[in-house]
Structures are given as C-alpha cells and as structure tokens.
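Everything below concerns the one structure shown next.
Every value quoted in this text rests on a predicted model; they were computed, and no experiment measured them. The figures that follow rest on heavy atoms only: side chains count, while hydrogens, waters and symmetry mates do not.
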Amino acid sequence: MHIYSKDDLYNKHVQNEASEVYLHKGIAEAAYKNILETYSTNLYTPNYFIRIALAVLTLVAIIFSGLLFGLIFQMAMVPTFLFFAFANYIALEILVRKKWYFTAGVDNLLMFFSAVFFTGAFVVNQYPGQDLAVSGIAIVICLYLSIRFVDAFMATLGYLALLVFIFLLFAKSGPIAKAAAPFLLMFVSVGFALLMKRLIKNEKMLFYRHCCRCVLQVTLLTLYASCNYFIVRELSNEMFGLNLAPNDPISLGWLFWVLTFVIPVAYVVTGVNKKDLMFIRTGLILVAASVFTFRYYYHILPIEVVLLVAGVLMIAISYAMLRYLSISKYGFSVDKKVVSNKERIDIKELIIAQVSGQKTETQAGVEFGGGSFGSGGAGGNY
Amino acid sequence: MDIRLFKKLLEQQLISETEFENIKRQDTAPVSVYWEVTSVLYIGILLLTGGLGILVYKNIDTIGHAVIIALIAAMSISCFAYCYKNSKGYSNQKIESPKVLFDYVLLFGCLLLLTFIAYLQFEYKVFGTDWGMATFIPMVLLFFVAYYFDHLGVLSMAITNLAAWAGFTVAPLNIVDANDFSDKKLIYTGIILGAGLLALSFVSIKRHIKEHFAFTYKNFGAHILFISLLAGLFHFDHIYLLWFLILATVAFLFFKNSIAEKSFYFLVLTVLYFYIGGSYVVCRVLVSGGSTGGLYTTSIYFIASGIGLIKTLIYYNQFLRKNAHL
C-alpha cells in the first residue's frame, strides 16, 4: 500500500512518542537513547528550515525543468501537463525509494506538482461536466498520493476536493437542492469528522493517524464554513446568480446567523469537555471569524470602540483564566509547559542526532538535523 | 499518548517501572491551556493599544483627547511601576520573569509609551520637525527597558525603532516595498546597520551581557545586511561584480559561522540569500551572451543549481548531525 517499510514508519512513531515523554521528563536520557537505538528508522525528515529551503529549491528546479521542456518540445497543453505529472511522479517514486524522504520538502513539492499537473490536464479544454470531472479526478489522485506516501496535506486536499464534488453534483439537481446545499455540506463535514475520530482510534490506521487528525481539523473548518452567513450568502449569490443587493436577506438567513455564532462556542465547549485543544483553538479562532462576519453586515460601532471592547474583554478573560487555573481545575491548568516549543525542537533533534550519529557508520540511521533555532522571527517571551 | 506502546517498551525493559508510572501520570495530567490563554492575552493587549491609538487620533481636536492622553500616560506609568516593583533588578544574565503577567504588563506599558510619544510629537511637535529625535528618544527608552527588565519582545521593538531612526522601516513583510532602495544612502545605511547589529550580537556573547539577546540581534542584522547587499548588487550596475564579491565574502563568513554553531536557520538563510545574488550574476552573464540560447542555458543553470543545492544542503544536514553534541 504505502511506499515506506512498516518497520520504518512504526519506529518513527515510537521515536515521536518517546521524544514527547522525554521532553516532559517522563523517562531518563539513557532510556530515551536506548529506545531511539532499538527503534531506528531510515526515514529522512530534516529540520524545519532545511525543509523549507529544500522545498524552495525543488520549486525552482521544477519550474525551470518545465520551462526547458516547453522550449524544446513545444507540444500541446494537455500532453505536456500529463508528461509533467508523470515526470514529477516518477521522480518522486525514485527519490523516495532511494533516500526515504518523509515530508522532507522535496517529496512534498514533487507530490503536489504531480497532482496539480495531472488535474490541470483536465482543466485546459472545455467539455460538458468539466467541473465534476476535475474535482472527481482530484479526489482520486489526492487519495492515492496520500495513501502511497502517507501524506497529510494530500489527504486534506482530497477531502476538500470531495466536498467540492458533492456540492457541484448536488447543485445540478435543481433549485431545492441549491437551497439545501449548505446543510448537505454540514452533514458531510460532520460525517467525516466522526469517521476520522473512529479511524484515529483504530490500531490498524496507526501510520495514518496524522493524516486523519489533519482531515479532522479541516472538517471542523468546513462545517463552520458551510453555515457561516457570509460564506453562504456570498457564495450562493456568486454561484447561483441571485443578484442580491448589498442588504438583501437570504432565505433562512436567521438560521445561518445562529449557526455562525453557535458553532464556535460549541467547539470551545466540546474542547473543554473532551480536553481537546484542537477544538478549543479552532473555536477561539472562529469566534473572531464570526465577529468579523457580523461587522461586515452591521457597522453598529466605530472600529476603535470594537477594538477597545474586544481588547479589554480578552485581557479580562485571560487574566481571570490565569488566576482561576493557577491551581489546576477540571483537568485544566496554566502550567508553563516544561519546555517551550523552541527548546523542544532543539533538544529532540540534538538527542536524536547524537544517537543516530553513532549508528551511521553501520547503516543510514536516522537522518535528523542537528541543533537549530526554533524561532525564525525576532522571538520573544510574550 | 500511546500507553500500549509504552507497556510494550516496559516489557522489553527499555523503560523502568517508575518511568512507566511517570508516563501514565503524564497521560492523565491536567491539560495545559497556558499557550491559548496567553495568546488571547497578547492579542487583547494589541487590540487595546491599537484601539486607544485610533481613539486618540480621531479625537485629536476635541476636549476629550486630553482625558484620553492623561489616561494613556497614567496606564503606562502604572504598568512600569508594576514591573519595577516586581522586578528582580538588573543582571547581565538572563532573568526569568517573576510572574506570568510580568512580560505582558511590560509589553503593554511599552506600547502605550510609544502611543504617548507619538501623540506628543503629532500634537505639540515636542521634538520639532526633527524626526530623528522623535524616533531616537523612544529607541533609547525601549533599549533601556529591554535590558533592565530582560524582555526579548521589547528588544525587537527597540531594534525596529533603531532601524526607523536610521531612516529605515524594518517591518518583516514590506521590507522590500517600503524602502526606496534606489537611494544609495539607504543601501549604505542598511549595510552599516546590519553590520552594527551583528557586532552587537558578537559583543553580547563575548562580554557575557545578556547572551540570550544575541540571537535577536543576529537575526535582524543578518536579514538587513543581506537585503542591503542584494540591493547594492542590483543597484550599482557597472560595479556589480565588486558587490557580488562582498556578498560572497559575507555569505562565506556566515556559512562558516553557521556550521561552527550548528545553526540550520542561518545556514539556510545564507544559502538562499547567496543563491539569489549568485543567480542574478549568472543570469546576467548568460542572457547577455545570446538571444534564445541564453534562455536555454539559464533554465539548465537553474535546474542544475537547484538540484546541486538540494544535495549540498542534505549533505550539510548530515554533516552537522554527525558532529552534533549535547
């Protein structure tokens, strides 16, 4: 199924778990090193910065290969696109098999472009049912790539393509279907969220857990997007040619307003109940999105008052939370994590580096990076 | 957390019984929402100071603004008073902030201070038309606050102010748009500023004065210096090879330094900036050669150099990994 060996993927999972507990001082350094040596992996996942640089350079190489190929052969668009898609894919297969890149920047870019070119080949010419065909092909190709290379980004793209496909298919079946489209998309989002939750718990899906988690995160966003008043109104106006005047209401508008505000709150509540930070974070960000949506249609207060009120509220709430949770309650605390994210990257990579450094003489070993600066920006202990 | 996995590790005797108990305890430990809460606090502070700024600006000619200004001043002073009371005093070493709120109150105070000074200048022209003075005073204050209370965020604000004072706006996103790089003076200023910040970074470590500030200095310095050098390379048409030589020298020094310090961040940054400069020179040479032939050779150059650099970076990644130590 996937291109990597099971041992490599499993060992990487073990290493990740061990790193996490080690960083929280759950196990001693000697034990940690032993685990890393026993469960060594050939997968190459470099440091973040190296990954970005590799991606940029791969992009340069892909663009100019395309340009050169175009200059020399000057073929029609469709065969060119197909050729690029296969060229990228073959390069990807060979490189991964040879070097075991695993989200190393190079493989991500090659994967993305093979999907883009393949799908793009069906965009170039006009034909009936094109939009359905394109989104359908995108689903298949993304799903295949995500399974083959255990890639979360492709899984996410595949899910989004599926949503588009369902939407287009449904919208073609008449006016009632059009009105019901937001509800259908909500339904699909919820269905996928539940499915992903089940898959995450499934032992057999261990290697795809990260993919499932990413898709789950996106389902939370698509559920909100499919009933956000702004998106429903402007998208149906655009897609179905309603020609709404700026303040015209839409049918069931009140319901969408309610959902726009209820869903973020529901996420936060769910997150608190289930102790799930993903829900809490998403909910908090979407509260802001709902406020923006509201202000887009109703300018009841001048901007500075909104800023002041929001600022004071946020400071007051967070201050109260810091106070309230200073002794942990209901399974929550405001403990400063034992290690910051920056240190987390540093320590993990240095230790993994040290361990694998000793092993490289005999085998390829873990190819992690050495020390690094985790923060690209000016940094700061805000 | 994968408890079953750790059970297996326990059976394999890779971890001890106590360690397994530790892990189980970690798994059921309270979830920390520290990051979420402090992020909301931080955004709240930004919104509040932003709102106050707009409020002052909109009410500049009414009676109400005096009240607002007095309020801002009072708030700023009380913020600094709070920090002064809670601070452990100055030290050349890193000082852990005494309370969770400490860093945020200090940041709030600094943002209010900037609003206050901007107002004084806007309304009363306290510093006359001398914008140099108007940016110099807050810069000195910010540097003082950053060092005294040990705050990296305020240090970044101070450096930004320093750059503004040097006739430069260092906002990460519009660094290229906002500055007219055709102005030679600006290029030289940028080079001096960048080199100066790098020197400060060096001195911080050498003299053991707030060594943890060194990264912030180096980060700002490296970006400003490289962008200025690239601007020089593009701008001075007739002597561009000389500028390339300077760029290459600086890049080489950075390269050696990043290998010595095992810093992937600076390694990547150096390689990418140098790649831009190098490719510019190569393209100039290739394109000047001939019409379509140039296009072919340029494409081949980019493909070859792209793949070559990928190999190089992976090589150095492994090289640093082998030589890494705790």
Side-chain angles (χ1 to χ4, degrees), chain A residues 14 17 21 24 26-27 31 34-35 38 46-47 49-50 53-54 57-58 60-61 64-65 67-68 71 106 275 277 280-281 284 303-304 307-308 310-312 314-315 317-318 321-322 328 331-337 350 353-354 357 360 367-373 376 378-382, chain B residues 1-2 5 9 14-15 19 22-23 26 30-34 36-37 40-45 47-48 50-52 54-55 58 97 100 103-104 107 151-153 156 215-216 219-220 262-265 268 271-272 295-296 299-300 302-303 306-307 309-310 313 317-318 320-322 324-326:
Chain A
V14 176
E17 292 282 317
V21 288
H24 289 93
I27 52 174
N34 269 336
I35 296 174
T38 317
N47 163 290
F49 300 114
I50 299 277
L54 291 183
L57 293 169
T58 313
V60 170
F64 283 94
S65 309
L67 195 70
L68 189 65
L71 279 175
V106 178
K275 314 264 173 305
L277 287 178
I280 296 180
R281 285 177 192 167
L284 288 177
I303 180 76
E304 67 271 18
L307 289 179
L308 285 176
V312 169
M314 286 167 85
I315 293 173
I317 291 173
S318 51
M321 291 293 281
L322 282 175
S328 64
F332 283 101
S333 75
V334 283
D335 281 345
K336 223 174 178 171
K337 297 259 168 65
L350 272 182
Q354 196 194 24
T360 36
E367 290 164 350
F368 277 86
S372 81
F373 291 96
N381 296 325
Y382 295 127
Chain B
M1 212 173 287
D2 196 342
L5 166 67
L9 293 180
L14 280 167
I15 55 173
E19 283 173 330
N22 275 345
I23 292 164
Q26 259 183 39
V31 181
S32 175
V33 284
Y34 179 80
E36 285 73 16
V37 173
V40 172
L41 181 60
Y42 177 57
I43 297 169
I45 287 174
L47 293 184
L48 183 58
L52 280 173
I54 300 175
L55 195 66
K58 278 195 176 170
S97 51
V100 186
D103 284 343
Y104 296 88
L107 188 75
H151 196 299
L152 277 173
S156 306
F215 173 73
T216 311
N219 192 21
F220 272 95
K262 303 182 180 60
S263 161
F264 282 124
Y265 176 64
V268 164
V271 166
L272 289 185
L295 213 53
Y296 284 98
S299 299
I300 292 169
F302 273 110
I303 298 166
I307 294 171
L309 269 184
I310 289 173
L313 274 179
N317 188 6
Q318 289 169 342
L320 289 188
R321 175 178 56 75
K322 272 185 196 162
H325 55 78
L326 278 171

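- When all heavy atoms of L308(A) and G51(B) are compared, the pair lying nearest together is CD2-C, 3.9 Å.
- Heavy-atom distances place both the backbone and the side chain of L54(A) under 4.5 Å from chain B.
- The two residues I50(A) and F264(B) come nearest to each other via the heavy atoms CD1-CD2, 3.4 Å.
- When each of I303(A), V312(A), L67(A), L322(A) is checked for heavy-atom pairs under 4.5 Å with chain B, L322(A) comes out on top.
- In terms of heavy-atom pairs under 4.5 angstrom with chain A, the leader among L309(B), I43(B), I310(B), V271(B) is I310(B).
- Contact detail for N317(B) and P46(A): the closest heavy-atom pair is ND2-CB, 3.1 Å.
- Minimum heavy-atom separation, G306(B) to L57(A): O-CB, 4.0 Å.
- Distance check, rounded to the nearest 0.5 Å: CD1 of I315(A) to OH of Y42(B) gives 12.5 Å.
- Using a 4.5 Å heavy-atom cutoff, the side chains of L48(B) and L307(A) are not in contact.
- Side-chain contact between I303(B) and L68(A): present, with at least one pair of heavy atoms (C-beta onward) separated by less than 4.5 Å.
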